[in-house]
Novice: 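Sharing a structure with you now.
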There are 2 protein chains.
Amino acid sequence: MIDNLDKNIINALTENARLSYAEIAKDNGVSPATVHVRVEKLRKAGVITGARTTVDARKLGYDITCFIGIILRQAGDYPTALKKLENLPEVTEAYYTTGQYSVLIKVMVRNIDDLQKLLIERLQVIEEIQSTETLISLQAPIQRSIRA
Amino acid sequence: MIDNLDKNIINALTENARLSYAEIAKDNGVSPATVHVRVEKLRKAGVITGARTTVDARKLGYDITCFIGIILRQAGDYPTALKKLENLPEVTEAYYTTGQYSVLIKVMVRNIDDLQKLLIERLQVIEEIQSTETLISLQAPIQRSIRA
DNA sequence: TTTGAAAGTATTTAGGA
DNA sequence: TCCTAAATACTTTCAAA
């Protein structure tokens, strides 16, 4: 089971993945070795799945983030459509959803031209896709993790 | 400017934030000190913004992830509405968007009951919100970073 | 800007409470 | 399970190229 120490470790590391075990240990009144043991346990249990450095996409030239809602022709088209979406590097996230759309994807592109090309030349040509709806994100004011 | 070494470092760290500089150095035929200098440079330039450990939300009891499209009463309501959304810890992401919705939020909750309560008791009571539309995510098959 | 070398920290293992 | 202590490894600084 996950106890309070585990939770504190998870919350600390989801905010800053490069925090040292030594520091987390100090904050929690345990030894660094204990933190090490707990993190290994959480990793083996699949609770902790990895760690990613976050970057400012604009500084890398990706000025536009958007969400695209996709409606598929048929429910059964999902596996094939997903494979095709995986081949588009601009697609950074995909969600299989109930409601409005069959699939919601998050896309990052350099500019409006690239977005238009992506939509027309590489998304709308996918035969399993019936239609798409684009939401351009102008700002992402909240970006945080759930608390353990 | 960002050269190839910078890009390789960014790509390595966005995949695994806990990779050692020593290892990245080895993969790129430079010294660990150089990797250190580059990472500091990227951090100071605001390209690298942080690092977060990723967790399996379900293992923490958050069984439901969903996106909620929000339509505000008036465009000018955005700043007030955002402040209210920030106070809901279940809201892990928010995007100010063009198109269909004024705001798109990502929400993580423990179960359908909690989702219903969130929607009815804490979202739909926000006076700036005219209506909401919920997309429940059943799967998130793609989760990756843009490449530098 | 990069490097090797030194100094300072952190991680990791292992034995004992 | 946790700790201390020791060994290993990594990060960080710095002077020189």
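In the text below, chain A, chain B and the rest are named by the order of the sequence lines, each starting its count at 1. Model, not experiment: these values are computed from the prediction.
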Novice: Taking Watson-Crick and G-U wobble pairs with both distances under 3.5 Å, convert DNA chain C into its dot-bracket string, 5' to 3', dots for unpaired and | for cross-strand pairs.
Specialist: |||||||||||||||||

Novice: For A:K84 and A:E128, run salt bridge (Lys or Arg N to Asp or Glu O under 4.0 Å): C-alpha distance rounded to whole Å, both residues' side-chain angles, the deciding distance at 0.1 Å, then the answer.
Specialist: CA-CA 10 Å; A:K84 293 180 182 175; A:E128 291 80 11; 3.0 Å; yes

Novice: Atom CD of A:E40 to atom P of D:dC2: distance rounded to whole Å?
Specialist: 14 Å

Novice: If the test is salt bridge (charged side-chain N to carboxylate O under 4.0 Å, His left out), which one of B:K106, B:R122, B:R110 qualifies with B:E90?
Specialist: B:R122

Novice: Could you identify which residues of residues 11-24 of chain A place a heavy atom less than 4.0 Å from some atom of DNA chain C, listed by residue number, or say none?
Specialist: A:S20, A:Y21, A:A22

Novice: May I ask you to check whether B:N111 and B:D63 show a side-chain donor-acceptor distance below 3.5 Å?
Specialist: no

Novice: Expressed as a whole number of angstroms, how long is the span from A:K44:NZ to C:dT12:C1'?
Specialist: 12 Å

Novice: Answer yes or no: does atom CZ of B:R73 have more than 12 heavy-atom neighbours from other residues, nucleotides or ligands under 6.0 Å?
Specialist: yes

Novice: Side chains of A:E15 and A:S145: do they bring a donor and an acceptor to under 3.5 Å?
Specialist: no

Novice: Which part of the nucleic acid, if any, lies within reach of A:V37 when heavy atoms closer than 4.0 Å are counted: base, sugar-phosphate only, or nothing?
Specialist: nothing

Novice: Does B:R38 have a side-chain nitrogen or oxygen under 4.0 Å from the phosphate oxygens OP1 or OP2 of C:dT1?
Specialist: no

Novice: Between A:N28 (CG) and D:dT1 (C1'), how many Å, whole number?
Specialist: 16 Å

Novice: In whole angstrom, give the distance that lies between atom CG of A:D6 and atom C1' of D:dT1.
Specialist: 12 Å

Novice: Side-chain donor-acceptor pair under 3.5 Å between B:Y78 and B:K83, yes or no?
Specialist: no

Novice: Check this for me: does any side-chain nitrogen of one of B:R43 and B:E40 sit under 4.0 Å from a carboxylate oxygen of the other?
Specialist: yes

Novice: From CD1 of B:I9 over to P of C:dT1, roughly how many Å is that when rounded to an integer?
Specialist: 12 Å

Novice: Strictly below 4.0 Å: does B:H36 bring a side-chain N or O up to OP1 or OP2 of D:dT12?
Specialist: yes

Novice: Is there a side-chain polar atom (N or O) of A:S31 under 4.0 Å from OP1 or OP2 of D:dC3?
Specialist: yes

Novice: Please report the distance, rounded to the nearest Å, between CG in A:N4 and P in D:dT1.
Specialist: 16 Å

Novice: Is it the case that the side chains of B:Q139 and A:Y95 hold a donor-acceptor pair, with the cut-off being a distance below 3.5 Å and no angle test?
Specialist: no

Novice: Can you see whether A:T49 engages B:T54 through a side-chain donor-acceptor pair at a distance of less than 3.5 angstrom?
Specialist: yes

